[in-house]
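Shown next, in structure tokens, is the structure this report addresses.
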Amino acid sequence: QLQLVESGGGLVQPGGSLRLSCAASGFTLDYNAIAWFRQAPGKEREGVSCISSSGGSTNYATSVEGRFTISRDNAKNTVYLQMNSLKPEDTAVYYCQTLVGFFVCGSSWSKLRFASWGQGTQVTVSS
């Protein structure tokens, strides 16, 4: 079964850190850009960050730039999102997606549509 599984979420205080993981099973992530998205209650899903297939190029939403870092370990077939200096407005369910056919993220990665989404991982930032 081909799937991406997100993990690593949890409850953290403002200013804290979390590292999310996106692990692939049944296929390799090596040849595709990977993106993280998030959806907060009552809000539309938004792009958070994207990384090229080689890991040499990354993109971030303005709201997380300087606080979040995306990385990948193709040997482990996993992409990570290190989140530092978390704020209450970062509270959301976080999802990862494979940008099939894309080696790089491009300028419109955050606007791509996907047929399905995984279960995601809940991140709650609260004191």
Side-chain angles (χ1 to χ4, degrees):
Q1 185 177 0
L2 309 180
Q3 62 177 352
L4 290 171
V5 178
E6 304 94 343
S7 63
L11 173 63
V12 63
Q13 292 187 342
S17 298
L18 284 173
R19 188 177 81 155
L20 306 185
S21 297
C22 170
S25 63
F27 69 103
T28 179
L29 294 176
D30 290 12
Y31 306 112
N32 296 293
I34 306 295
W36 282 97
F37 295 81
R38 68 185 182 186
Q39 187 166 23
K43 294 189 176 181
E44 291 190 356
R45 201 168 344 232
E46 63 173 348
V48 175
S49 183
C50 184
I51 187 167
S52 64
S53 59
S54 68
S57 175
T58 57
N59 301 72
Y60 297 93
T62 303
S63 59
V64 307
E65 194 150 18
R67 300 187 297 120
F68 290 11
T69 303
I70 191 171
S71 62
R72 65 191 299 157
D73 185 340
N74 286 347
K76 294 184 178 180
N77 220 21
T78 302
V79 173
Y80 304 99
L81 185 68
Q82 177 67 43
M83 306 187 297
N84 299 329
S85 302
L86 283 161
K87 304 175 180 180
E89 52 263 44
D90 295 317
T91 295
V93 179
Y94 285 70
Y95 306 87
C96 58
Q97 283 283 7
T98 303
L99 277 56
V100 177
F102 290 78
F103 292 112
V104 296
C105 299
S107 59
S108 301
W109 63 271
S110 63
K111 298 179 176 60
L112 292 173
R113 301 285 187 180
F114 299 91
S116 64
W117 295 84
Q119 292 190 336
T121 186
Q122 175 71 48
V123 172
T124 303
V125 185
S126 175
S127 55

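Scope of the values below: all heavy atoms of this structure, side chains included, with no hydrogens, waters or symmetry mates. Keep in mind that this is a model prediction, so the values were computed, not measured.
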### Query
What pairs with Val93 under side chain to side chain contact (heavy atoms under 4.5 Å, CB included), at least two apart in sequence or on another chain?
Tyr95, Gln122
### Message
For a 4.5 angstrom cut-off between non-hydrogen side-chain atoms, does Pro14 reach Glu89?
### Response
no
### Message
Considering only residues two or more places apart or on different chains, which pairs with a residue in residues 43-82 satisfy disulfide (SG to SG under 2.5 Å)?
### Response
Cys50-Cys105
### Query
Among pairs that include at least one residue of residues 101-112, which meet side-chain hydrogen bond (donor to acceptor under 3.5 Å, both in side chains), considering only residues two or more places apart or in two chains?
none
### Set of side chain to side chain contact (heavy atoms under 4.5 Å, CB included) partners for Leu29, sequence neighbours left out
Leu4, Ala24, Phe27, Ile34, Arg72, Asn77, Val79, Thr98
### Polar side chain donor-acceptor pair, Asp73 to Thr78, under 3.5 angstrom
no
### Listed partners of Val12 passing side chain to side chain contact (heavy atoms under 4.5 Å, CB included), at least two apart
Leu18, Leu86, Val125
### Query
Under the 3.5 angstrom rule, does the side chain of Ser52 hit a backbone N or O of Val104 as a donor-acceptor pair?
no
#### Entry: Side-chain (Arg67) to main-chain (Ser85) donor-acceptor, under 3.5 angstrom
yes
### Query
Side-chain contact, heavy-atom cut-off 4.5 Å: Phe68 with Leu81?
yes
### Query
Going by heavy atoms in the side chains, are Leu11 and Val123 under 4.5 Å from each other?
no
### Message
Using a 6.0 Å distance limit plus a 45 degree cone around the ring axis, check whether Arg19 lies over the aromatic ring of Tyr80.
### Response
yes
### Summary
Here the gap from Phe103 atom CZ to Ser54 atom OG, rounded to the nearest 0.5 Å, amounts to 10.5 Å
Contacts table for residues 112-121: side-chain donor-acceptor under 3.5 angstrom, sequence neighbours left out:
unit_1 : atom_1 : unit_2 : atom_2 : d
Thr121 : OG1    : Gly9   : N      : 2.9

### Query
Heavy atoms, side chains only, cut-off 4.5 Å: are Leu20 and Met83 in contact?
yes
### Task
Kindly indicate whether the side chain of Ser126, heavy atoms from C-beta on, has any atom under 4.5 Å from the side chain of Gln13.
no
### Query
Would you call Val48 and Val64 a side-chain contact if the rule is heavy atoms closer than 4.5 Å?
yes
### Message
Using every non-hydrogen atom in the two residues, find where Ser57 and Asn59 come nearest and quote the distance to one decimal.
### Response
OG-OD1, 4.2 Å
### Message
side-chain contact (heavy atoms from CB on, under 4.5 Å) for Gln39 and Glu44? Distances and angles first, verdict last.
### Response
CA-CA 6 Å; Gln39 187 166 23; Glu44 291 190 356; 5.5 Å; no
### Summary
Rounded to the nearest 0.5 Å, the OG1 atom of Thr58 sits from the CD1 atom of Ile70 at a distance of 7.5 Å
### Side chains of Gln97 and Phe37 in contact at under 4.5 Å (non-hydrogen atoms)
yes
### Message
If I take atom SG from residue Cys96 and atom CD from residue Glu6, how far apart are they, to the nearest 0.5 angstrom?
### Response
4.0 Å
